[in-house]
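Values reported hereafter were calculated over all heavy atoms of this structure, with side chains retained and with hydrogens, waters and symmetry mates removed. Letters go in sequence order (proteins before strands), and every chain restarts at 1.
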There are 2 protein chains.
Amino acid sequence: MTNIHDIAKMAGVSATTVSRVLNHHPHVNEETVKAVQRAIDETGYTKNIHAVHLKKGRTNLIGIVVPFMDQIYFSQLVDGIARAVSKTDCHLLIIQTQYIEEKELEALELLKTKQIDCLIFCSRSVQVDVIQSYSQSGKMVVLEDIQVEGISCTYMNHYDSFYAGLAFLYANGHKRISICLNRENSTSSLQRKKAFADFLNAHQLPFLDEDVVTDCLYLEDGINLANQLIQSAARPTAFLVTNDQVAAGLYTTLVRAGWNVPKDLAIIGFDNQSISKALDMTTVQIPFNKIGEQLIKQALESEATRHEIKLELIKRGTV
Amino acid sequence: MTNIHDIAKMAGVSATTVSRVLNHHPHVNEETVKAVQRAIDETGYTKNIHAVHLKKGRTNLIGIVVPFMDQIYFSQLVDGIARAVSKTDCHLLIIQTQYIEEKELEALELLKTKQIDCLIFCSRSVQVDVIQSYSQSGKMVVLEDIQVEGISCTYMNHYDSFYAGLAFLYANGHKRISICLNRENSTSSLQRKKAFADFLNAHQLPFLDEDVVTDCLYLEDGINLANQLIQSAARPTAFLVTNDQVAAGLYTTLVRAGWNVPKDLAIIGFDNQSISKALDMTTVQIPFNKIGEQLIKQALESEATRHEIKLELIKRGTV
DNA sequence: TTGAAAGCGCTACCAC
DNA sequence: GTGGTAGCGCTTTCAA
């Protein structure tokens, strides 16, 4: 491989001057620039980025931690982030964890070893204090409402949006509403459960254990849910569902079994994925591009900040 | 920042020895290891990866080029690749291009500057010869059937799977079949069009321009297609569709308009996404995990190889 | 406007 | 089992 010294020799100048040309410094003689350029063209030289990184201590790489990408929620999120990144001079490193803690630690080590300039957590398995223990290792941004010194966060207001969904169902006459969640104790599930409890309280409705279904993530979970529902005697009149995938599984299965939605069961999904549009399903919209922009903005800022993202109920035909 | 020399000094050994401990070399005295370890623990030292990269000339980074990730096809693909990568000691750099050529060139430059050890093209806008001109810059793998010296490829047999879909429709009595594609001249569309032409020829069926619909990618495109279909007089009895998203848009819109699928129109989708399962839709399965494994295997091999992926027709209720 | 030289922090070779 | 030393290729400071 040719290096900067080879170019310097060919152009009859010093490596310093070559470096100046490479980095478009002013005050270099035009003729000199041309000579260097000629040598570069001739050899097809490109500078060794590792040497630059070593010298400067940065990589312009932003790491993002996601559990999977075969789920629309995360892929749309990553897409939004990638769009935002492509407007900067940084690149995106993906650490897909399947929620394995070891993988998340690996990501944190990437930050610590400066292999990435910043790490964005889209979702996590490790405890907050583990993340906190790395807060001095580099810039971190988290997509949830944690209040840790030195760590930026952008978060969706799941409490408000869930409450709004419940209130909308109540306004449409529903007195027994069920909800389903994915990971029972994730930050967003905790918010959603609190919204549910507060809602029931406010309307003096009873809390029934069976009205909170957990581990619903995939479309298949919605199918299972529908089959259970079909066989149960006492059942809710409305369902507020984890996401549109689960809602679609629920909806299509019920309809195929002859149910009428929303008459027999009202459904609200989450994410406003295209499937919800196709099924004319009421859902909650998540502004992924805005979230991506926000996360990248925070990734590049020097101080830590907090930012709330509002979600919007999209009213369609399943309520 | 503490560096290897600081640790060496603290432990009373040389930097070489510290390096040996760091890299788990054998033949280091146990006491020495302990002393070094103590110094490392005390300072919280981690090695500067840039120096390692500079020294070794590698980054263990694999770049992948995708146009978007808000589409299930690509997100499942990236997910499959990410799963495969996570079994290696490499990491994944995503270059999301929106099919902008400039972005693809940026990715190629990343390879040339050794910022990544290998580049995987999942889909491209630039011409093959542009890619070819970078074939000496580093390892490249492409997800399509190109035959370029020094570039590995894994490709799906779109011709065979499309032909099989058409044959299946024909066997079910359909004589006028339409197809829809996305980008008219993409490698896969060209294969699919050829399969269509060959199929028509083999069965002495006429080729009608209006039976090839292009630019169908999103669910919304399927909705539009359905609306056109509803208003047209002479129409096909079966549709072989770009992907399950478009097929879902088509299906749900027709059903809502009172059509019976497959009686009024048979539909075959593509990708076997969960939505096709929910709608009980006949489709073609793409083995994303296998593709991911294969691409990463080729990324890490030294020679260039070719590999074909077979696709499988999943028979359900829309034919 | 240009150049010499000193690192950035690590690994690998060779010597002991 | 251990250490000295010579780079990897670049940028930056200082001096000319």
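A/R124 places a side-chain N or O within donor-acceptor distance of the main-chain N or O of A/V126, the cut-off being under 3.5 Å. Checked by atom type and distance alone, the side chain of A/N23 pairs as donor or acceptor with a backbone atom of A/S19 at under 3.5 Å. Between the side chain of B/Q298 and the backbone N or O of B/T305, at least one donor-acceptor pair lies under 3.5 Å.
Atom CD of B/Q115 and atom C1' of D/dG9 are 15 Å apart (whole Å). The nearest whole Å value for the distance from the NE2 atom in A/H5 to the P atom in D/dT11 is 11 Å. For the pair B/I7 CD1 and C/dG9 P, the interatomic distance rounds to 12 Å; values are reported in whole Å. Atom NZ of A/K9 and atom P of D/dC10 are 13 Å apart (whole Å). In this structure, CG of A/D6 is placed 13 Å from C1' of D/dC8, rounded to the nearest angstrom.
Not one side-chain nitrogen or oxygen of B/T16 sits closer than 4.0 Å to the OP1 or OP2 atom of D/dG3. Regarding contacts with the backbone of C/dT2, every side-chain N or O of A/T17 stays at 4.0 angstrom or more from both OP1 and OP2.
There is no side-chain donor-acceptor pair under 3.5 Å between A/K139 and A/S302. With no hydrogens or angles considered, a side-chain donor-acceptor pair links A/T187 and A/E144 at under 3.5 Å. The closest side-chain donor-acceptor pair between B/Y134 and B/E109 falls under 3.5 angstrom.
Here the closest non-hydrogen pair linking A/V33 and A/V28 is CG2-CG1, 3.7 Å. Nearest heavy-atom pair across B/I95 and A/H91 is CG1-ND1, 4.3 Å.
Checked against D/dC10, D/dT13, D/dG4, the side chain of A/Y45 finds its nearest nucleotide in D/dC10.
Within residues 46-61 of chain A, the residues having any heavy atom under 4.0 Å from DNA chain C are, by residue number, A/L54, A/K55. Within residues 20-43 of chain A, the residues having any heavy atom closer than 4.0 Å to DNA chain D are, in order of number, A/N23.
Axis angle, first five pairs versus last five pairs of the helix from C/dT1-D/dA16 to C/dC16-D/dG1: 30°, rounded to 10°.
Applying the side chain to side chain contact (heavy atoms under 4.5 Å, CB included) test between B/Y218 and each of B/D70, B/N182, B/N243 identifies B/D70 as the sole match.
The aromatic rings of A/Y73 and A/F288 sit perpendicular to each other, their planes meeting at more than 60°, with 30° as the lower class boundary. Using cut-offs of 30° and 60° on the angle between ring planes, the pair A/Y99 and A/F68 is perpendicular.
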